[in-house]
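Keep in mind it's a predicted model, so treat the numbers as computed, not measured. The basis for the numbers below is simple: all heavy atoms, side chains too, and nothing from hydrogens, waters or symmetry mates.
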Amino acid sequence: MPKLFLRMKLLLPAAVFLPVLASCSDGDAAYKIGVSQCAGGIWREKVNSEMLAAQHLYRRDVEVSIADAHDDVALQVHQIDSLVESGIHLLVVAPGESEAVADAIVRVRRCGIPVVFFDRKADTDEYTAFIGGDNEAVGRDVGNYIVGHLKQRQGEGGGRKLRVLEITGAMHSSPAQDRHRGFSNVMAICPDVDYRYVESDWTGKGGYETVLAEKDNDWDVVFCHNDGMADGACQAYLDMGTAEPAKVIGVDGMPGKNQGIDYVEKGRFHATYIYPTHGEEIVKLALQILTGEPYERENVLQGMLVTPDNVTMTALTSNELMSQVNNLVTIHDKLEESLGLYNTQHKALLVSLLSLAVLIVALLLITRALLQMRRTLRERQAMHEEETLFYTNPDSRRLKQVFEMREEDLPAVRSQDAIFAETLNKAIRQNMSNPGLKMDELGEKMGISRVQLYRKVKALTGLTPVELLRQMRLQQAYVLLSTTCKTVNEIAYEVGFGTPGYFSRCFKHQYGKYPTELRELTK
């Protein structure tokens, strides 16, 4: 009978939690794509909208999660690690700084997660694919346009050189480096151009202040690395009341009122370069990688220069495309709402059916329990009579003592945390040499999920499972370096590091010295 009541106790909570479990399983997408944007802004918001709208475009169950680092590199690194911990299957990232984000990308690849660079690259070859505009071509095309179409001003000015100022973005990012390289290469082969560049910070304020600082220089053309900087440059000329301001050229070419294409049409900008977004192509590339379909590692999205000669047709086309994207986003939102309502109704029906099934089973168990209860009472009564005879017989009492265990022989009581820690330590040491060891596999060996493993280890040690694994690997490496004659490379692979170089950097960070330096101390 106790077994029957135990079954009922297990069954009734299941009736409560099954709908919750069902709702969780219904919401899990087949492919989770994490997106790490280095900053915000209208251009990146357009990309985000296109990626979200494309979730239902390719007949795949896709969930896109987007994190915005707001130009904070440390925050972007943290967001990348958090996206990995959330269980994404692929990471799309636009690195804020090429060098600072590289280590985070390497960690993601070590977890077996594909990485797609979008718009920008980091200082590492550890990526799966790249998709975005050709920034060097952007600078080159703008330079060629200036040389080919604006040098006519040279003749109007009495044969003087065409004076060109380039206001770059922050040069620690790959777009600024590539655009400057393409533009400066064109300027370098044009002897009739007086050219100089100034580094700024991608903002309208940066463009504004740069032009004010250059107010004593009679520039013919100012090329800014984005439309925000170009807008700031134009505003500076307006505030200074310059009679003949420089021709300002930007990059982004966004459609819509008071955006790059609109400013060219109104004459505020002389030109802008449409830097492509195509968020739907990003999702398509991600799905090709996740589903094992063929894909190109380098995917260049084509842009174009918008000038007074083609701005009217370009504005009509761009505005129409923008309207279609907005309609697609609206359809996506309504589809999400409809799917949510469908899932709610589906779950309600499932709850009703489960509740009915639980009720029927409960009635059967209660009936069976009542019948067995009567039989158990009769058996207990007979056993009670036998026990009375047993304990009243001296020989029986002496025989009973043979089977009793003394209290001092009982095992000491241990905490669940101590048991967990010993089990985890054993599991890590048994699998430490596997460089591809994943937290899912480690959690499976512990009999818990990856999320439970993360929370438990974080609570006990203050470290994430990945950090704890790396620390234990480094500790074992320290022991092997101090007590064996194995080479540094042999020890690196034995404790599970994929490359000796990465092992040496981690060892230096942990102990303040390289493995070779420690080995020298032990000689």
Side-chain angles (χ1 to χ4, degrees), residues 38-44 70-71 73 96-98 119-120 135-136 138-143 145-147 150 153 157 160-188 190 193-254 258-264 266-273 275 305-307:
C38 58
I42 295 176
W43 187 86
R44 296 195 181 278
H70 304 287
D71 285 315
V73 177
E97 293 186 11
S98 302
D119 171 44
R120 303 167 173 224
N135 283 291
E136 189 167 345
V138 172
R140 185 170 58 250
D141 290 349
V142 173
Y145 173 76
I146 291 174
V147 172
L150 297 183
R153 183 164 179 168
R160 68 177 179 84
K161 290 185 176 182
L162 184 71
R163 307 196 67 237
V164 178
L165 174 66
E166 178 190 12
I167 305 178
T168 76
M171 292 297 284
H172 52 65
S173 63
S174 61
Q177 297 167 4
D178 293 343
R179 291 175 189 178
H180 172 65
R181 185 185 305 110
F183 189 76
S184 61
N185 286 343
V186 175
M187 296 296 104
C190 297
V193 173
D194 183 6
Y195 158 71
R196 189 161 69 86
Y197 80 93
V198 177
E199 181 179 352
S200 186
D201 61 0
W202 296 108
T203 66
K205 180 180 178 182
Y208 183 89
E209 293 178 348
T210 301
V211 168
L212 287 183
E214 298 286 332
K215 62 182 178 181
D216 295 330
N217 296 309
D218 186 18
W219 299 108
D220 297 310
V221 181
V222 175
F223 168 45
C224 300
H225 276 205
N226 68 17
D227 284 346
M229 298 160 67
D231 189 34
C234 290
Q235 191 60 46
Y237 279 117
L238 288 174
D239 291 347
M240 290 188 297
T242 306
E244 292 187 14
K247 297 181 183 298
V248 177
I249 299 176
V251 177
D252 282 343
M254 291 289 292
N258 295 332
Q259 298 302 321
I261 297 176
D262 185 45
Y263 279 153
V264 176
K266 292 177 179 177
R268 184 178 177 90
F269 291 178
H270 179 77
T272 184
Y273 193 96
Y275 192 63
L305 192 66
V306 181
T307 68

Trainee: Mind running side-chain hydrogen bond (donor to acceptor under 3.5 Å, both in side chains) on Y273 and D141 for me, showing each step along the way?
Mentor: CA-CA 9 Å; Y273 193 96; D141 290 349; 3.3 Å; yes
Trainee: Tell me, do V221 and L165 make a side-chain contact under 4.5 Å, heavy atoms counted?
Mentor: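 In short, these two side chains do not touch, never coming nearer than 4.5 Å.
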Trainee: Quick one: are C224 and E166 in side-chain contact, heavy atoms under 4.5 Å?
Mentor: no
Trainee: Please report the closest heavy-atom contact between Y195 and S184, naming both atoms and the distance.
Mentor: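 Y195 and S184 have their closest heavy atoms at OH-CB, 3.7 Å.
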Trainee: Please find the pair of heavy atoms, one from N135 and one from D178, that lie closest to each other, and give the distance.
Mentor: CB-CB, 3.6 Å
Trainee: With a 3.5 Å distance limit and no angle check, can you tell me whether D201 reaches the backbone of A170 through a side-chain donor-acceptor pair?
Mentor: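 No, D201 side chain to A170 backbone: no donor-acceptor pair under 3.5 Å.
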Trainee: Find out whether R120 and S173 are in side-chain contact, i.e. whether some heavy atom of one side chain is under 4.5 Å from a heavy atom of the other.
Mentor: yes
Trainee: Would you say the ring centers of Y197 and F183 fall short of 6.0 Å from each other?
Mentor: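 Aromatic pair excluded; centres sit 6.0 Å or further apart.
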Trainee: Where do V147 and C190 come nearest, in terms of heavy atoms and distance?
Mentor: CG2-SG, 3.4 Å
Trainee: Measure the shortest side-chain to side-chain distance between W43 and Q259 over non-hydrogen atoms and say whether it is less than 4.5 angstrom.
Mentor: no
Trainee: Are D220 and K161 ion-paired here, with the side-chain N under 4.0 Å from a carboxylate O?
Mentor: no
Trainee: Over all heavy atoms of both residues, which pair between H225 and H180 is shortest? Give the atoms and the distance, please.
Mentor: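 Scanning both residues, the minimum pair turns out to be CE1-N, 3.8 Å.
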Trainee: Does R268 pair with D231 as a salt bridge, N-O distance under 4.0 Å?
Mentor: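 Yes.
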Trainee: Keeping H270 on the side-chain end and K247 on the backbone end, is there a donor-acceptor pair under 3.5 Å?
Mentor: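 Such a contact is absent between H270 side chain and K247 backbone.
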Trainee: Taking atom types as modelled and ignoring hydrogens, do the side chains of D239 and Y208 form a donor-acceptor contact shorter than 3.5 angstrom?
Mentor: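 Side-chain D/A pair, D239 to Y208: present.
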Trainee: Examine R179 relative to Y275 and say whether NZ or CZ is less than 6.0 Å from the centre of the six-membered ring and inside a 45° cone about the ring axis.
Mentor: yes
Trainee: Taking the side chain as every heavy atom from C-beta outward, state whether W219 and P245 have any pair of such atoms under 4.5 Å apart.
Mentor: no
Trainee: Please examine the side chains of I167 and V211, heavy atoms only from C-beta on, and report whether any two atoms are closer than 4.5 Å.
Mentor: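 Yes, their side chains come closer than 4.5 Å.
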Trainee: Counting C-beta onward and ignoring hydrogens, is there a side-chain heavy-atom pair between K266 and N258 closer than 4.5 Å?
Mentor: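 In short, these two side chains touch, coming nearer than 4.5 Å.
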Trainee: Determine, step by step, whether S98 and H172 satisfy the side-chain contact (heavy atoms from CB on, under 4.5 Å) criterion, reporting the C-alpha distance in whole Å, the side-chain angles of both residues, the deciding distance to 0.1 Å, and the verdict.
Mentor: CA-CA 6 Å; S98 302; H172 52 65; over 6 Å; no
Trainee: For the residue pair V193 and M187, what are the closest heavy atoms and their distance?
Mentor: CG1-SD, 3.7 Å
Trainee: For G169 and W202, which heavy atoms make the closest approach, and how far apart are they?
Mentor: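 Closest approach of G169 to W202, heavy atoms only: CA-CE2, 3.5 Å.
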Trainee: Backbone N or O of A230 within a donor-acceptor pair of the D227 side chain at under 3.5 Å?
Mentor: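 Answer holds: no.
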Trainee: So do E136 and N185 actually touch side chain to side chain, heavy atoms under 4.5 Å?
Mentor: yes
Trainee: Give the intermediate values and the outcome of side-chain contact (heavy atoms from CB on, under 4.5 Å) for residues T272 and Y263.
Mentor: CA-CA 9 Å; T272 184; Y263 279 153; over 6 Å; no
Trainee: If you measure from CG on D262 to CE on M254, what distance do you get to the nearest 0.5 Å?
Mentor: 12.5 Å
